[in-house]
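Proteins get letters first, then strands, A, B, ... in listed order; numbering begins at 1 in each.
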Amino acid sequence: MSDNKNETQQEGIYPFSEIESRWQSFWDQEKIFEVDALSDKPKFYCLVMFPYPSAALHVGHGRNYIIGDAVARYKLMRGFNVLSPMGFDAFGLPAENAALKTNIHPKISTLSNIERMKKQLNQWGVGYDWSREVASCLPNYYKWTQWIFLKLYEKGLAYKKKAAVNWCSSCQTVLANEQVVNDACERCDTHVETKELEQWFFKITDYADKLLDDLKLLENWPDRVKTMQRNWIGRSEGVTIEFPIADEESKLPCFTTRVDTIHGATYVVLAPEHPLVSNLIKDVDEKENIEAFIRKVRAEDRIERMSEDGEKEGVFTGRYAINPMTQEKIPIWLANYVLFDYGTGCVMAVPTHDQRDFLFAKKYNLPLRVVIDNPKEALKESEMTEAYEDEGVLVESGAFTGKGNQESWNLIADFMERNDIGKRSINYRLKDWLISRQRYWGAPIPIIYCDTCGAVPVPESELPVVLPEEVEFKPTGKSPLQDNADFLNVKCPKCQSDARREVDTMDTFVDSSWYYLRYLSPNDETKAFDFDLVNKWLPVDQYIGGVEHAILHLLYSRFITKVLHDLDLLSFSEPFKNLFTQGMIIKDGAKMSKSKGNVVSPDPLIEKYGADTVRLYTLFIGPPEKDAEWNDRAADGSFRFLGRVWRFVTQSSDWKIAGEAKWKSKDLKRLLHQTIKKVTEDLEGDFHFNTAISAIMELINACFQFQQQSEEDKALLNEVALNVTLLIAPFVPHVSEELWSRLGNEGSIFRASWPSFDADSLKTDEVEIVVQVLGKVRARACVPSDISEEDLKKYVLADEKVKTWIDGKEIRKIIIVPNKLVNIVV
RNA sequence: GCCGGGAUGGCGGAAUUGGCAGACGCGUCAGACUCAAAAUCUGAUGGGCUUUCAGCUCUUGUGGGUUCAAGUCCCACUCCCGGCACCA
């Protein structure tokens, strides 16, 4: 490999390895990325999602940093005061799991991974303001994570409850709903179990509406991310109807979105876990059977029970409710398909107009009544094979009969509210955020349990609750901190009697839900973030990261920001104004991962071609928002291109070409300015680096077909060389710096300003017009760009080729698109 | 089932939003350099047909439609990717 490299460099392709290390040190010394946060220059906060510190980065990771770096460098050249910080999401399971195998403490492995990762980032030539580095595992950071917990606690937004929670037996901890993907642990793919445990939650449901409504404010977020969040929050509007229970005073509340079908509700169904059930069935003959059914359902796996093709099973309670609109007695059933934790845990069933109810009713022979007429064919209960779920006119619906079902929705809801039958209400799919983790490598939850005072928050002055280092962190299903007596035993902050600390740690998504605030004052010992600085610099102007965080991190960060906003600690309520989610780098059809063995390391490629080539190929591989298949060989093209740029720029003042000169100076000048325009527009828009780069390639290709003949040509070539160097700088910073200095410029190219195009140079006095006959291209014509339509028509009709196509035919119409095309209709 | 995004040469992908489809790059082929190879450089490169320094014709997942003109707009459909889903 090294022989190869020497050879390449000897042949004078371009001495990338020397150049790259030299300019990397230069940026360091010159503090190119260090920001004066107080400056009056227009600010630009460019943020890449901070990574979990892993030992070896692959080219897929690189895409994220390279895109972020290209944006930051471009904005620098546009004259912005650019804040581009980096930090590490440094708590979490991988370090702890590795420690179990290697016996190296997570703190040690994490900190050494961070150092390695910084080296790798530097090797890529991505620049950050390292003076602002944060690592979530350090006490000066997690102190403030704990502080945020306390703020939520004070507001009643952090609370402890016993609940059925997701349990990963491999990770030996509970998981948030957001961390369960297809019934499996997001991290290790282990099938998730359900456990009843007492755990800490953040009340994100209080913010469901705001989180949903404010998606409208996020104009520059990808639609798919907003859609995912919308789906996840899952708001549905309906009416909670109180069904009186026959022979009893109490009522059964049922949430429905189809209040228009109420007259067809012929039975109601409760979740077997519903608290009213035991009372309902206490005197019923079939009690034993019913209880057996409840036991059976409870024993069923929650996941299986919820799966769609799971058999719907139920049992009659022997009791009846009253349909409040028809006053009929309707049976009360229990069924496995009704979820206790959604809505009211009790549903009204309308088998004629809900397919699921229909199947259940058929199975157990429950009564049907059509209340919406199908305009296409009359519905007969006895002949129906499926529910009719479309629109129509109400029938058998008392005073509402004859009205459209949609308009009746509101009329019936109004009627119910007036008569105390039901109330409009809203339900969400979103559940509260479970933040407790029974693992070691995380921020301790700052709570103390006292036998007399109960759960007492650790006073702010006593933060941080330091994570002890001497711990046996074998996962046992309980927090390892439990076994550390020094940590566990404390005095109650209220009454000074003996007390115990909370031993669970926080979900690492709590750490990452506020880090973007910390970068403005990373070393401040007195507060989590600086009010003035944060409100000056945020919201983040450009956030860049993987779409896998569409729900988890992005929803949690929005939530925490809104809470802090409501506490008057932030003046903004959305943290990230613009979001860009880059696609994944794929290898052999799959996401790169160690377990699949398809990881591509950038090291050999950097060794062979240099970091600039890796960067250029990464940006050129395709539209950055889409997934892209990595192909080492295709990177050759990027290297060749840099070689061409190198030769052109270093020789531009004495430029000779081998082949035929196909370009004229006027056209080359125009192309230069078109290219500046195109690249600028691509970078200002949706970061279409791939097309920006191809435009620069076209310009360089043109230069290789241009022969210098005069002093003006020489000046033009120098102009092209200078501008090309500037245009490629955000993509390939090392070689650009080198060329910039070889062109005789002082200082960093990133202190120079971005080129602007000259509108006059874009104008042409001659244009090539496409001549179509009946929409097919038959000829081309070079004409003055200011030619009149009349002259153009005459010119085109006189063309020999055109004549052969229109000969003897009647011309019906001539369509002219100025400076582009003529279409003759015959 | 609902929502979002897609489908363009051998491959990755362009196409100024209705105006020359296939830019740019990879690969392939040919040539230069070389004893030779690699690397590098130069050129050609969607398919078919013909009378081949030219020209015709077909071609953007499928089938219809609108238009002087459709990858782009409309209707119907197929397949792929992602999210949600016994959610009442």
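- The partner of G12(B), taking Watson-Crick or G-U wobble pairs whose two distances both stay under 3.5 Å, is C24(B).
- U51(B) and U28(B) have their P atoms separated by 33 Å, given to the nearest Å.
- Looking at heavy-atom distances under 4.0 Å, E629(A) makes no contact with the nucleic acid at all.
- The partner of U66(B) is absent, by the rule that a Watson-Crick or G-U pair needs both atom distances under 3.5 Å.
- Among the heavy atoms of the strands, none lies under 4.0 Å from E389(A).
- Separation of the C1' atoms belonging to G71(B) and G19(B) is 13 Å when rounded to the nearest angstrom.
- Here D357(A) lies out of heavy-atom contact (under 4.0 Å) with every strand.
- The closest side-chain donor-acceptor pair between T691(A) and D682(A) falls under 3.5 angstrom.
- Residue contacts shown for P222(A) are absent, as no nucleic acid heavy atom lies under 4.0 Å away.
- Residue N690(A) places at least one side-chain N or O closer than 4.0 Å to OP1 or OP2 of A14(B).
- The separation between R615(A) atom CZ and G25(B) atom P is 21 Å, rounded to whole Å.
- Base pairing annotation: G4(B) forms a Watson-Crick or G-U wobble pair with C81(B), both donor-acceptor distances under 3.5 Å.
- Within 4.0 Å (heavy atoms only), R356(A) reaches at least one base atom of the nucleic acid.
- Of the possible polar contacts, none joining the H673(A) side chain to the L668(A) backbone as a donor-acceptor pair under 3.5 Å is found.
- The listed nucleotides are G25(B), G19(B), A23(B); the one nearest the side chain of S694(A) is A23(B).
- The aromatic ring centres of Y617(A) and W630(A) sit less than 6.0 Å apart.
- The closest side-chain donor-acceptor pair between Y428(A) and D209(A) falls under 3.5 angstrom.
- In this structure, the CZ atom of F704(A) is 8 Å from the P atom of C41(B), given to the nearest Å.
- Nucleotide G55(B) is shown with an anti base, its glycosidic torsion being more than 90° from 0.
- Each of G5(B), A88(B), C24(B) was ranked by its minimum atom distance to the side chain of N701(A); first place goes to C24(B).
- The residue D354(A) sits apart from the nucleic acid: no heavy atom pair falls under 4.0 Å.
- Residue order along RNA chain B, read from the 5' end via each residue's closest nucleotide, puts K662(A) first among K662(A) and N231(A).
- Spacing between atom CE of M697(A) and atom P of A23(B) amounts to 14 Å, rounded to whole angstrom units.
- One can place CG of D627(A) at 16 Å from P of G5(B), the figure rounded to the nearest angstrom.
- With a glycosidic angle no more than 90° from 0, U52(B) adopts the syn conformation.
- As a whole-Å value, the separation of F620(A) CZ from C24(B) P is 10 Å.
- Across the protein-nucleic acid pair, I814(A) atom CD1 and G19(B) atom C1' stand 16 Å apart, rounded to whole Å.
- Note: Y337(A) and F360(A) have perpendicular aromatic rings, judged against thresholds of 30 and 60 degrees for the angle between ring planes.
- Contact annotation: S236(A) reaches the phosphate of A88(B) (side-chain N/O to OP1 or OP2, under 4.0 Å).
- Taking the six-membered ring for Trp and the full ring otherwise, the centers of F689(A) and F620(A) sit at least 6.0 Å from each other.
- Taking the six-membered ring wherever Trp is involved, the centroid distance between the rings of F704(A) and W663(A) does not fall below 6.0 Å.
- Nucleotides U67(B) and G13(B) are separated by 36 Å at their P atoms, to the nearest Å.
- Atom-to-atom, CG of L215(A) to P of C3(B) comes out at 18 Å; the value is rounded to the nearest Å.
- Checked by atom type and distance alone, the side chain of H353(A) pairs as donor or acceptor with a backbone atom of I372(A) at under 3.5 Å.
- Only the C1' atoms considered, U57(B) is 23 Å distant from G64(B), to the nearest whole Å.
- Each of C84(B), C3(B), C86(B) was ranked by its minimum atom distance to the side chain of K312(A); first place goes to C86(B).
- Within 4.0 Å (heavy atoms only), Q772(A) reaches at least one base atom of the nucleic acid.
- A 3.5 Å limit on both hydrogen-bonding distances identifies A32(B) as the Watson-Crick or G-U partner of U40(B).
- Here the side chain of E698(A) is nearest to one of C84(B), G19(B), A23(B), namely A23(B).
- Counting non-hydrogen atoms under 4.0 angstrom, R644(A) reaches the backbone sugars and phosphates but no base.
- Checking C26(B), G43(B), C86(B) against every side-chain atom of Y337(A), the shortest atom distance belongs to C86(B).
- F509(A) and W433(A) have their aromatic ring centers separated by at least 6.0 angstrom.
- The side chain of R633(A) contributes no N or O atom lying less than 4.0 Å from OP1 or OP2 of G12(B).
- In this entry C49(B) has G55(B) as its Watson-Crick or G-U wobble partner, both defining distances falling under 3.5 Å.
- Nearer to the 5' terminus of RNA chain B, by closest-nucleotide assignment, is the contact made by R224(A) (compared with the other of I621(A) and R224(A)).
- Between U59(B) and G6(B), the two P atoms lie 25 Å apart (nearest whole Å).
- Across G22(B) and G27(B), the matching P atoms stand 22 Å from one another, rounded to whole Å.
- For C68(B), the base has a donor-acceptor partner in the side chain of N823(A) [N/O atoms by modelled type, under 3.5 angstrom].
- Syn is the conformation of U17(B), whose glycosidic angle sits no further than 90° from 0.
- When distances are taken from the side chain of Q705(A) to each of G43(B), A88(B), G19(B), the shortest belongs to G43(B).
- Among the atoms of the strands shown, none is found under 4.0 Å from any heavy atom of R230(A).
- Atom CE in M228(A) sits about 19 Å away from atom P in C2(B), given to the nearest Å.
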